[in-house]
Amino acid sequence: QVQLLESGGGLVQAGGSLRLSCAVSGHTFSRYAMGWFRQAPGKEREFVASISRSGGSTNYANSVKGRFTISRDNAKNTVILQMNSLKPEDTAVYYCNARDEVLVYEYWGQGTQVTVSS
């Protein structure tokens, strides 16, 4: 059973920073392209950022480009989302996603709340 555990969420003022972590269980982390998604109340879940299996390629939603940075440490089975210059519009539950590119299957974490006050 593959489990994804997000951490690092909380309350921060506009302009502040937060660092989200996602820990992935098992020994298959290198098979997963990783991503972060978020969902605000009453909204659909939306893409935030992704990173390739090797970490050599990243992709960002236009709304966070230049402010957020995704990275991974394959030795620690973790993916990081560094969020800077946070805005109230960033308030949402942030979900970690793992896409197994060998078995073609996806896994989701339970989410961590990020609240940005104005």
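Throughout, residue positions are numbered sequentially from 1 according to the sequence presented.
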Looking only at heavy atoms, what is the nearest atom pair of [X] and [Y], with distance?
X	Y	result
Phe29	Arg72	O-NH2, 3.0 Å
Ser118	Ala14	CA-CB, 4.4 Å
Leu86	Arg67	CA-NH1, 3.9 Å
Thr91	Val116	OG1-N, 2.9 Å
Ile70	Tyr60	N-OH, 2.9 Å

message: Please check: side-chain N/O of Ser25 versus main-chain N/O of Gln3, any donor-acceptor pairing under 3.5 Å?
response: yes
Under a single-linkage definition using a 4.5 Å side-chain heavy-atom cutoff for Ile, Leu, Val, Met, Phe, Trp and Tyr, are [X] and [Y] assigned to the same hydrophobic cluster?
X	Y	result
Ile80	Met83	no
Leu5	Phe37	no
Tyr107	Val48	yes
Phe47	Val93	yes

Please examine the side chains of [Y] and [X], heavy atoms only from C-beta on, and report whether any two atoms are closer than 4.5 Å.
X	Y	value
Glu101	Arg31	no
Cys96	Trp36	yes
Met34	Asn74	no
Ser21	Thr78	no
Val2	Tyr105	no
Phe68	Asp90	yes
Tyr95	Gln39	yes

Would you compute the distance between atom [atom1] of [X] and atom [atom2] of [Y] and round it to the nearest 0.5 angstrom?
X	Y	atom1	atom2	answer
Arg99	Trp108	CZ	CH2	10.5 Å
Asn84	Leu18	CG	CG	9.5 Å
Glu6	Cys22	CD	SG	5.5 Å

- prompt: Salt bridge or not for Glu46 and Arg38, using N-O below 4.0 Å?
  reply: yes
- prompt: Near Glu106 CD, under 6.0 Å, is it more than 12 heavy atoms from other residues, nucleotides or ligands?
  reply: yes
